[in-house]
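Contents: one structure, followed by commentary.
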Amino acid sequence: MEGVIFTEERVDRSCAKRDEVAQIFINYRREGGAYAAALLDELLSKRFGEGQVFRAARSIAPGSDYSKSILEAVAECGVMLVIVDDAWLLKFSSGIHDLASRKDWVLREIEEAFKYERTVIPVLLSGVGRLDEMSLPEALIRVARLQYLRFDYRNIRQDVNFIAEQLIKVCPEIRNHQGERDC
C-alpha cells in the first residue's frame, strides 16, 4: 500500500501499579476456602470496585514477586477478611502448623495484619462453628476472640449485603463503586 503510513498506537493497559489501595484483603486457604474467597471477591468487587479488593490469585500481576505483593497489600489494606472453613480449622487442630508456620501464608498474612493493626474479621463459612482458642496456634488465638461474620451458601445475597455494610462501618475508606472497573 503505497503512500499509506501506519502508525503504531500504544495504549497503556498495565494494572501493576494503581493509585488506588485495596482496602479489603481476602485471606483464605486454598484447600477449602478458595471458592468462597473467589465468590466473595467477585461480589464485593462488583459492589466496591476491583481495586478495593485484594485476593492474591486475581490481584497479583504475572511476573510480580508474590511475597512482596502480598505483604504490601496487607500493610496497606484497611480490613482483612479471614475465610474460615473446615479445612482451615483442621490445619491448625492437626498440629501441622507448628512444623511449618513460616511457610503458612494464611498464618503469616494474619500476623502481618495484627502487626500493622489492621481490622481482622473472621468470615465463617457454612457449617463452621465459633472458633476455639485452644485449637489455634498462639499467634492466632486473638482471631478466636474477634467478632465474626457468616457467609452461607444458602444466604449468599443477604450475607454479602450484610458483610458489605459492616465493611463500610469498620473501614470508611471503602467507596461504593457500583460496577466500576479498574482496567
Side-chain angles (χ1 to χ4, degrees), residues 12-85 87-88 104-126 128 140 143 146-183:
D12 182 14
R13 299 193 190 284
S14 69
C15 287
K17 191 65 180 170
R18 303 177 196 180
D19 294 330
E20 190 171 30
V21 172
Q23 292 297 318
I24 305 164
F25 186 102
I26 300 178
N27 168 279
Y28 63 98
R29 195 167 290 295
R30 284 180 299 181
E31 290 82 17
Y35 286 104
L39 180 58
L40 203 52
D41 175 18
E42 179 71 21
L43 297 171
L44 291 174
S45 290
K46 281 184 181 178
R47 173 94 178 240
F48 299 118
E50 281 186 11
Q52 292 289 318
V53 182
F54 181 93
R55 182 175 58 90
R58 176 186 59 80
S59 302
I60 300 173
S64 297
D65 179 332
Y66 74 89
S67 61
K68 181 180 177 196
S69 297
I70 288 171
L71 295 175
E72 284 176 357
V74 171
E76 295 173 353
C77 77
V79 63
M80 175 182 283
L81 299 178
V82 177
I83 308 300
V84 179
D85 66 330
W88 193 91
D104 187 339
W105 275 96
V106 168
L107 176 63
R108 185 156 181 211
E109 290 166 6
I110 296 168
E111 287 176 325
E112 288 289 312
F114 286 147
K115 176 178 134 185
Y116 288 105
E117 299 180 359
R118 300 299 175 234
T119 300
V120 175
I121 303 173
V123 177
L124 307 184
L125 300 184
S126 304
V128 174
L140 295 183
V143 175
L146 299 173
Q147 182 61 37
Y148 59 87
L149 295 171
R150 291 228 172 250
F151 188 54
D152 190 300
Y153 69 90
R154 294 169 292 224
N155 303 312
I156 289 173
R157 200 169 284 154
Q158 178 182 337
D159 288 351
V160 166
N161 285 334
F162 185 72
I163 289 169
E165 290 168 13
Q166 298 308 305
L167 289 173
I168 292 169
K169 285 180 184 177
V170 299
C171 185
E173 294 82 15
I174 297 171
R175 295 185 311 262
N176 198 4
H177 297 292
Q178 288 291 346
E180 186 172 310
R181 297 180 62 178
D182 289 327
C183 294

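Of the options I156, I83, L125, a side-chain contact (heavy atoms from CB on, under 4.5 Å) to L40 is made by I83 and by none of the others. Screening V120, V123, L140, L124 against V82 for a side-chain contact (heavy atoms from CB on, under 4.5 Å) leaves a single residue, V120. Partner of D41 under the salt bridge (charged side-chain N to carboxylate O under 4.0 Å, His left out) criterion, chosen from K46, R55, R47: R55.
The structure places CD of E72 at 10.0 Å from CD1 of I60, a figure rounded to the nearest 0.5 Å. Of the inter-residue distances, the one linking L44 atom CG with I163 atom CD1 reads 7.0 Å to the nearest 0.5 angstrom. Taken from CZ in F151 to CG in L39, the straight-line distance is 4.0 Å, to the nearest 0.5 Å. Here CD1 of I26 is found 8.0 Å from OG of S59. Values are rounded to the nearest 0.5 Å. In this structure, CZ in F54 is found 5.5 Å from CD1 in I70, a value given to the nearest 0.5 Å. To the nearest 0.5 Å, atoms CG (L81) and CD1 (I24) are separated by 6.5 Å.
No salt bridge links D152 with R150; every basic N to acidic carboxylate O contact stays at or beyond 4.0 Å. A salt bridge links K115 with E112: at least one charged nitrogen is closer than 4.0 Å to a carboxylate oxygen. Salt bridge R29/D104: present, at least one basic N to carboxylate O contact under 4.0 Å.
Remark: the backbone N or O of G33 is paired with a side-chain donor or acceptor of D85 at under 3.5 angstrom. Panel note: side chain R58, backbone V53; a donor-acceptor pair is recorded below 3.5 Å. The backbone N or O of K68 lies less than 3.5 Å from a partner atom in the side chain of D65, making a donor-acceptor pair.
In plain terms, the two heavy atoms of W105 and N27 that are nearest each other are O-ND2, 4.4 Å. Minimum interatomic distance between V74 and M80 (heavy atoms only, all atoms of both residues): CG2-CE, 3.9 Å. Of all non-hydrogen atoms in E173 and Q52, the two that sit nearest each other are O-OE1, 4.2 Å. Counting all heavy atoms, side chain and backbone alike, C171 lies closest to Q23 at SG-OE1, 3.4 Å. Taking all atoms of both residues into account, the shortest heavy-atom contact from V106 to W88 is CG1-NE1, 3.3 Å. Between A57 and Y28 the shortest heavy-atom distance is CB-OH, 3.6 Å.
The number of heavy atoms from other shown groups lying within 6.0 Å of CD (E117) does not exceed 12.
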### Message
Assess the residue pair L43 and R157 against the criterion (side chain to side chain contact (heavy atoms under 4.5 Å, CB included)); give the C-alpha distance rounded to whole Å, side-chain angles, the decisive distance to 0.1 Å, and a yes or no.
### Response
CA-CA 9 Å; L43 297 171; R157 200 169 284 154; over 6 Å; no
### Task
Step by step, work out the side chain to side chain contact (heavy atoms under 4.5 Å, CB included) result for Q166 and L149.
CA-CA 9 Å; Q166 298 308 305; L149 295 171; 4.0 Å; yes
